[in-house]
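Structure record follows, encoded as structure tokens.
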Amino acid sequence: MAAGLDALLVTPGPDLRYLTGYDAVALERLTCLVVRAVGDPVVVVPQLEVAAALASPIGELGLGMLAWGETDDPYALTAATLPGVNRVAVDDRMWAVKALAFRHALPDAEQEAAGTVLRELRMRKDAAELEALRVAAAAIDRVHARMGEWLRAGRTEREVAKDIVDAILAEGHVRADFAIVASGPNGASPHHEVSDRVIAAGDPVVVDIGGTTAQGYCSDSTRTYAVGEPPEDFLAYYGALQQAQEAACAAAGPGMPCEEVDRASREVLEEAGWGDLFIHRTGHGIGLETHEDPYIVAGNRQLLEPGMAFSVEPGVYVAGRHGARIEDIVVCTTDGAERLNIQPRDLAVLGG
Ligand code: ZN
Ligand code: ZN
Ligand code: ZN
């Protein structure tokens, strides 16, 4: 096994889904895939979830299954399959109580985070994963295309977000993960969600939305709209933001360090005099999770490779006034980069 590990312990979450296709819900009872350096992998499953596990892709993989009853100790049962282990990796999302229970059940084993191993696999998407991300991106593009139906003066951010959430589901996601509607001064807070603020004519509105498709892959795209004619001090930076987003997408390609993609967008905004107002990294990887490796941030010297998928989402945030962000999901190809989100990026002025 990689990196001298004796075992990998993976509880329900994106790593389990990645490795087995099993989309189990994380609950207090232990479900755990045990990948061993010596011996075949086994899945520890609560008795009452055996039928669900067998009905999942795990059933087709033919993995050994260890069912445990309500009065059994599933940690001791798992430990018994791992005699003499020294180093075990636990998935990054394992609940602390479970990681601590494993520490107790395997007192001689050193624990580490499985992410250092699994990120190397999950970061590089295969053709089927890229197709799943394309499907997700097209679905969220269709929601942005319908924004004029909902976004107008006199409605609250919360009312607009509710319509967006309905549309995220109607347009091909099984879950709406977030719907940020940040109008006027709220647009200056990058992770503002929604409020009861009534959208006014002349407001710029940052709309950052995403969901998860049936295959488990995520969408995430931002467009900034103007409800009626936007103010001059907003138009003063929107064009530079658009150029910054273009520059980062153009810089992305095989062999390019992640931090250079961040630099490309930051440089444009710095030269235009808005650099201080771009207060976050340029982007994040995306796949079975909305935020995963690789991160497009200063200091990340990871080189882009074909199959890596990530967001390019520079923003400008003017406290007390408004903000703007433009976000597309981009995939590194063999000779450049492919944008999965293709909704127009020119400022869309919707009916005030
Ligand atoms: Zn974010
Ligand atoms: Zn986003
Ligand atoms: Zn994002």
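When a ligand or atom number is given, it counts from 1 through the structure's own listing order. The basis for the numbers below is simple: all heavy atoms, side chains too, and nothing from hydrogens, waters or symmetry mates. Numbering of residues begins at 1 and proceeds along the displayed sequence.
Residue side and main chain included, Asp208 places no N/O/S atom under 2.8 Å of the Zn ion (ligand 3). Backbone or side-chain N, O or S atoms of His291 do not reach the Zn ion (ligand 3) at under 2.8 Å.
Between Glu129 and Arg124 no salt bridge is recorded (no basic side-chain N to carboxylate O distance below 4.0 Å). A salt bridge is defined here as a Lys NZ or Arg NE, NH1 or NH2 lying under 4.0 Å from an Asp or Glu carboxylate O, and Arg263 with Glu270 meets this definition.
Qualifying salt bridge (Lys or Arg N to Asp or Glu O under 4.0 Å) partners for Arg339, counting only residues two or more places apart in sequence or in other chains: Glu246, Asp328.
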Which atom pairs, one a donor and one an acceptor, fall under 3.5 Å between side chains of residues 43-68 and the rest of the protein, sequence neighbours left out?
residue, atom, partner, partner atom, Å
Ser56, OG, Ala53, O, 2.7
Ser56, OG, Ile58, N, 3.0
Trp68, NE1, Leu30, O, 2.9

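Ring geometry for His322 versus Tyr237: interplanar angle of 30 to 60°, hence tilted.
In terms of distance to the Zn ion (ligand 3), the nearest N, O or S atom of Asp220 is named OD2. Glu327 contributes atom OE2 as its closest N/O/S atom to the Zn ion (ligand 3). Looking only at its N/O/S atoms, Glu313 has OE2 as the one nearest to the Zn ion (ligand 3).
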